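These notes concern the structure reproduced below.
Residue numbers start from 1 in every chain, and the chains themselves are labelled A, B, ... in the order their sequence lines are given, proteins ahead of strands. Everything quoted here is computed from the prediction, not taken from an experiment.
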Amino acid sequence: MSVTRERLVEVLEEIALLLEIQGENPFKIRAYRQGAEVVSGYDGDIVALARDNKLEGIKGLGDALRDKLHELATTGELEFHKKLRVGYPDSFFDLFDLDGLGPKKIAVLNRELKVDSIPSLKAACEAGTVAGLPGFGAKTQTKILESLARREQSAEAFRLDIAIQAAEDILEVLRLHPEVLRASVAGSTRRSKEIVHDLDFIVATPKPAELTAFFAKQGFAKEVIAQGDTKCSIRLESGMQCDLRAVSNDQYPFALFYFTGSKEHNVAIRSRALKKGWSLNEYAFSGENVPTNIHDEADIYRALGLDFVPPELRENRGEIEAADDGKLPRLLEWENLRGTFHNHTTESDGKASLNAMAEGARELGLQYLGIADHSKSSPQANGLSPERLATQIQTIVAWNKEHGSDQFRLFSGSEVDILKSGDLDFEDDLLASLDYAVASVHNALTLDEEEMTKRIIKAMENPYITMLGHLTGRLLLRRDGYAVNHEKIIDCAAETRTVIELNCNPKRFDMDWRWWHRARDKGVLCSINPDAHSVNQLQYLRFGASVARKGWLRREDVVTTKPLKEMEEWLKLPKPKR
DNA sequence: GCCGTTTTCGGCCCGACTGTTTTCAGTCG
């Protein structure tokens, strides 16, 4: 059995956690954690290198880690890790996912109360014994319970990127089946909701029962919840439920429409059908003189006198009226994107070098890539000092000279911290020497809404701030965004000509899609930015395009659709003229 | 445990916030 890169990373991370529990030297712990990062982000076959004892020279892997990785890659096990792990079940590591609990508290819980899993922690909190531990109190216990409740609530919720990956893998299997004519994912995944609860698949087939049976016996089906002749529900390893509906080719457009939703959109569409004397269900129109020749979803909308409504817009937020008036926007397409601005490199907390990021962007077909590493007030992210930033600007100038062309170049920027006061982390002189700057909040997240809004507005009023990064700082399924008045920020963006970022890292999707239509109507421009910390994460731009569509954005609303020459001119304009 | 044009020991990121304390430990970013 060969060891995977993921396994190497997992073992190093577990060692770091276990050493923390034991109160080891924090720098040693960091060395393991950084080792895990290096292995995870290494550009090349790190497993083979470890096996062949050829790790020498990789920064961050010293003698000790090289030996351990070699042992792990050759034998599949690591004695050091095995010894550390004695007495800690797999479930123990779940505890580290809880907000407000770190290694020290977990160590106390484990030592004093034998807590070694989420359920045993919950029992201890409910029994009230946690509050009595040294360093703990009633509030801590309450906070843990809240964190546990949040975790339970989101247990069956998944981020869009996770859902799409799972859906694509399953669709590939379904489409290869010889009796499948058409197959699609439906539901909230198809609508590009930021969080989805389950996956719905629709297949068109002359042999539905054969398909449901086929679905149930796939390796990815860890549990079969229900299996009939036309419907099958399974659960994946991840806990995600997947429903398959197998219908005839005639029924397919109706089923796809019906199970794509949203429920509210469907209700509105059905009532529209009723006005014409037809009823509409997941299989067909029924009633007198029902339309025939329905081959795809567009035919259903057409029969009801509507333009085709793209799935992303089906939330009953005005799309049906617009489709009726022929006023649906021509939505942005992923292919329209020409560049992106908020990306990190190894200079701060990214995993890929400047050069690797640039090559990745070029391969993706982009014409420009903006480098925006962290600023000095984010030391946890290795934020740049003014001197380091000045050096990076020179590096980028040199890179462009050597590798740039009229087809591709780098822009030098910064993700500059908005300090608690609303001041920026760099002086204006330095900001002015950049091609652009993204301003983001990374600390003092608990200000009240008024203070936070004032703070952000102050930053946006700076003439050198091109755009505002992740407006609310939310981390989906993990942390709510900070309190901020969206209306006021949008108005300020319109007035000061500050672009608002659509951070399309699927952990964020921030600003939320629900606000973009309003921002667009006020003339606010959007920049779709992946907040990429690795070359792969540049791919998040695809999600960004979907979420922008969900926010009713057109090509002209998204500044990163500008081709390189236009973008160079645009960035040179004084902010009020943009 | 890692690193080094300050080279083999002594640094390595640090401030804000919270809840527990009564001067500070733990967590987070």
Any pair with a residue in residues 425-440 of chain A that passes side-chain hydrogen bond (donor to acceptor under 3.5 Å, both in side chains), sequence neighbours left out, goes on the list, sorted by first then second residue, please. A/S375-A/D425, A/K376-A/D425, A/S377-A/D425, A/R409-A/D435, A/S412-A/D435, A/E415-A/S440, A/D428-A/N462
Interatomic distance at [atom1], [N] relative to [M], whole Å:
N      : M      : atom1 : answer
B/dT8  : B/dC14 : P     : 23 Å
B/dT6  : B/dG1  : P     : 27 Å
B/dC13 : B/dC28 : C1'   : 13 Å
B/dG19 : B/dT23 : C1'   : 13 Å
B/dT7  : B/dC2  : C1'   : 14 Å
B/dT18 : B/dG11 : P     : 33 Å
B/dT21 : B/dG26 : C1'   : 13 Å

Base, sugar-phosphate, or nothing for [X], non-hydrogen atoms under 4.0 angstrom?
X      : value
A/R33  : nothing
A/K376 : nothing
A/A138 : sugar-phosphate

Quick test of your reading: applying ring-ring contact (aromatic ring centres under 6.0 Å, His included), list the pairs with at least one residue in residues 55-80 of chain A, sequence neighbours left out, ordered by first then second residue.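 As it turns out, there is no ring-ring contact (aromatic ring centres under 6.0 Å, His included) pair with a partner in residues 55-80 of chain A once direct neighbours are skipped.
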Need two values: the first and the last nucleotide of DNA chain B, 5' to 3', having an atom under 4.0 Å from any heavy-atom of chain A. B/dG1 to B/dG29
For B/dT8, give the paired nucleotide (Watson-Crick: N1-N3 plus N6-O4 or O6-N4; G-U: N1-O2 and O6-N3; both under 3.5 Å), or none. none
Charged N-O contact under 4.0 Å between A/E359 and A/R362: yes
Salt bridge flag under 4.0 Å for residues A/R474 and A/D512: yes
Would B/dT7 be called syn or anti, given that syn covers angles within 90° of 0?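 In terms of base orientation relative to the sugar, B/dT7 is syn.
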Set of residues satisfying ring pair (Phe, Tyr, Trp, His ring centres under 6.0 Å) with respect to [X], sequence neighbours excluded:
X      : value
A/Y464 : none
A/H374 : A/H344, A/H442
A/H403 : A/W399

Report the residues that fulfil side chain to side chain donor-acceptor pair (under 3.5 Å) with A/K454, sequence neighbours left out, ordered by chain and then residue number. none
Sorted by chain and residue number, the side chain to side chain donor-acceptor pair (under 3.5 Å) partners of A/N25 (sequence neighbours excluded) come out as none
Name of the residue among A/I144, A/L145, A/T142 meeting side-chain contact (heavy atoms from CB on, under 4.5 Å) with A/V130: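 With A/V130 as partner, A/I144, A/L145, A/T142 yield a single side-chain contact (heavy atoms from CB on, under 4.5 Å), made by A/I144.
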Could you list the donor-acceptor pairs under 3.5 angstrom formed between side-chain atoms of residues 105-114 of chain A and any protein atom two or more places apart in sequence or on another chain?
{"residue": "A/N110", "atom": "ND2", "partner": "A/V115", "partner atom": "O", "Å": "2.9"}
{"residue": "A/K114", "atom": "NZ", "partner": "A/R111", "partner atom": "O", "Å": "3.4"}

Residue mapping more 5' on DNA chain B - nearest nucleotide basis, A/L447 or A/S377: A/L447
DNA chain B nearest-nucleotide lookup for A/R30 and A/P134: closer to the 5′ end is A/R30
Under 4.0 Å from any atom of DNA chain B, heavy atoms only: list the residues of residues 105-129 of chain A that qualify, in numerical order.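 Contacting residues: A/K105.
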Residues in contact with DNA chain B, drawn from residues 57-67 of chain A - heavy-atom cutoff 4.0 Å: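 Within residues 57-67 of chain A, the residues near DNA chain B are A/K59, A/G60, A/L61, A/G62, A/D63, A/A64, A/L65.
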For residues 26-34 of chain A, dump all side-chain donor-acceptor pairs below 3.5 Å to protein atoms at least two apart in sequence or in another chain.
{"residue": "A/K28", "atom": "NZ", "partner": "A/E24", "partner atom": "OE2", "Å": "3.0"}
{"residue": "A/Y32", "atom": "OH", "partner": "A/K68", "partner atom": "NZ", "Å": "3.3"}
{"residue": "A/R33", "atom": "NH2", "partner": "A/E20", "partner atom": "OE1", "Å": "3.1"}

